[in-house]
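I have placed the structure first, in the form of structure tokens, so that the comments after it can refer back to it.
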Amino acid sequence: LHHLTVRQLRQEVNGNFLAAGTNAIYASTSVENLEDYYNAHAVLLSKMGHVIWHHIYGGSASDDCNYSTATSDGNAVLVGHVASGDGDNPDNYGFKCWMWKIDVAHNGNIIWQTYFGTPGDSAALFNVVETNDGGFIGVGAIGPDDNPPYETWDAYAGKVDENGNLLWT
């Protein structure tokens, strides 16, 4: 069973529409294996609904897009979580917040990306806004990595500059 969850279809970029979300393929009922079935996606659609491009982001583990925002330069920034250390994410280690900027005019290629969190914790971003200085603030949650009680997650945020360099969490 293939299922694409589109988190939003309200981002107009350069006269087209950007849809971003997560593809979840459930081939197992085992909770331990669900991390293997998430991939982040972005699709650029014309005003008539025709696919201009479709791009899949991430690697072999759980990689998710929870939100996207159009940027002042005509591109987009996407946020979610990353668990892969391969594919688009060879520099990632652990279950981290993932923020990446894509080139909307050129097939959604990654311009820059950054990961942040703390060792031993899981973290994810659920929203992003562009700041007046051209940077971005992502807001999400952070909590213990696979250790009960699972309800002990805290709010978490991070800011990057216009080039994706992490400034603070």
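Using bins of under 30°, 30° to 60° and over 60° for the plane-to-plane angle, the ring pair F95/H81 lands in the parallel bin.
V129 belongs to a hydrophobic cluster whose other members, connected by ILVMFWY side-chain contacts under 4.5 Å either directly or through intermediates, are I137, V139, L167, W168. Grouped by direct or indirect side-chain proximity (heavy atoms under 4.5 Å, Ile/Leu/Val/Met/Phe/Trp/Tyr only), F126 sits alone.
Minimum interatomic distance between N92 and S84 (heavy atoms only, all atoms of both residues): ND2-O, 2.9 Å. A pairwise comparison of heavy atoms in A123 and F116 identifies CB-O, 4.3 Å as the closest pair. Of all heavy-atom pairs spanning N14 and G74, the tightest one is ND2-O, 3.1 Å. For the residue pair S68 and A20, the shortest heavy atom distance occurs at OG-CB, 3.7 Å. In this structure, A76 and L18 approach most closely via the heavy-atom pair CB-CD2, 3.5 Å. When every heavy atom of L78 is checked against every heavy atom of A42, the shortest pair comes out as CD2-CB, 4.1 Å.
Residue pairs satisfying the salt bridge (charged side-chain N to carboxylate O under 4.0 Å, His left out) criterion with at least one member in residues 100-111, sequence neighbours excluded, are listed as follows: D73-K101. Residues in residues 155-169 take part in these salt bridge (charged side-chain N to carboxylate O under 4.0 Å, His left out) pairs, two or more places apart or across chains: D133-K159.
Contact annotation: the side chain of V43 approaches that of V51 to within less than 4.5 Å [non-hydrogen atoms, C-beta and beyond]. Side chains of Y57 and I102 form a contact here, defined as non-hydrogen atoms less than 4.5 Å apart. Between N165 and T114, the closest side-chain pair of non-hydrogen atoms is not below 4.5 Å.
Between the W53 side chain and the V104 main chain, a donor and an acceptor come within less than 3.5 Å of each other. The main-chain N or O of C65 is found under 3.5 Å from a side-chain atom of T22 such that the two form a donor-acceptor pair. Here the side chain of D63 pairs no donor or acceptor atom with the backbone of N39 at under 3.5 angstrom. Between the N109 side chain and the H106 main chain, a donor and an acceptor come within less than 3.5 Å of each other.
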* To do: For M99 and V160, run side-chain contact (heavy atoms from CB on, under 4.5 Å): C-alpha distance rounded to whole Å, both residues' side-chain angles, the deciding distance at 0.1 Å, then the answer.
  => CA-CA 9 Å; M99 183 184 298; V160 301; 3.5 Å; yes

* Can you list the steps and then say if W153 with S122 is a side-chain contact (heavy atoms from CB on, under 4.5 Å)? -> CA-CA 9 Å; W153 285 62; S122 295; 3.6 Å; yes

* Verdict with reasoning, W100 to V82, per side-chain contact (heavy atoms from CB on, under 4.5 Å) -> CA-CA 11 Å; W100 68 109; V82 59; over 6 Å; no

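Here the CG atom belonging to D86 is positioned 3.5 Å from the OG atom belonging to S60, to the nearest 0.5 angstrom. Atoms OH and CG, from Y156 and L125 in turn, are 9.0 Å apart once rounded to the nearest 0.5 Å.
Side-chain contact check for H41 and H55: no donor-acceptor pair (N or O, by modelled atom type) lies under 3.5 Å. A donor atom on one side chain and an acceptor atom on the other are found under 3.5 Å apart for E130 and S72.
Partners of N89 according to the side chain to side chain donor-acceptor pair (under 3.5 Å) rule, which considers only residues two or more places apart in sequence or in another chain, are Q113, Y115. The side chain to side chain donor-acceptor pair (under 3.5 Å) check on T169 picks up nothing, with sequence neighbours excluded.
Cluster annotation: V79 and L166 are assigned to the same hydrophobic cluster (Ile/Leu/Val/Met/Phe/Trp/Tyr, side-chain heavy-atom contacts under 4.5 Å, transitive).
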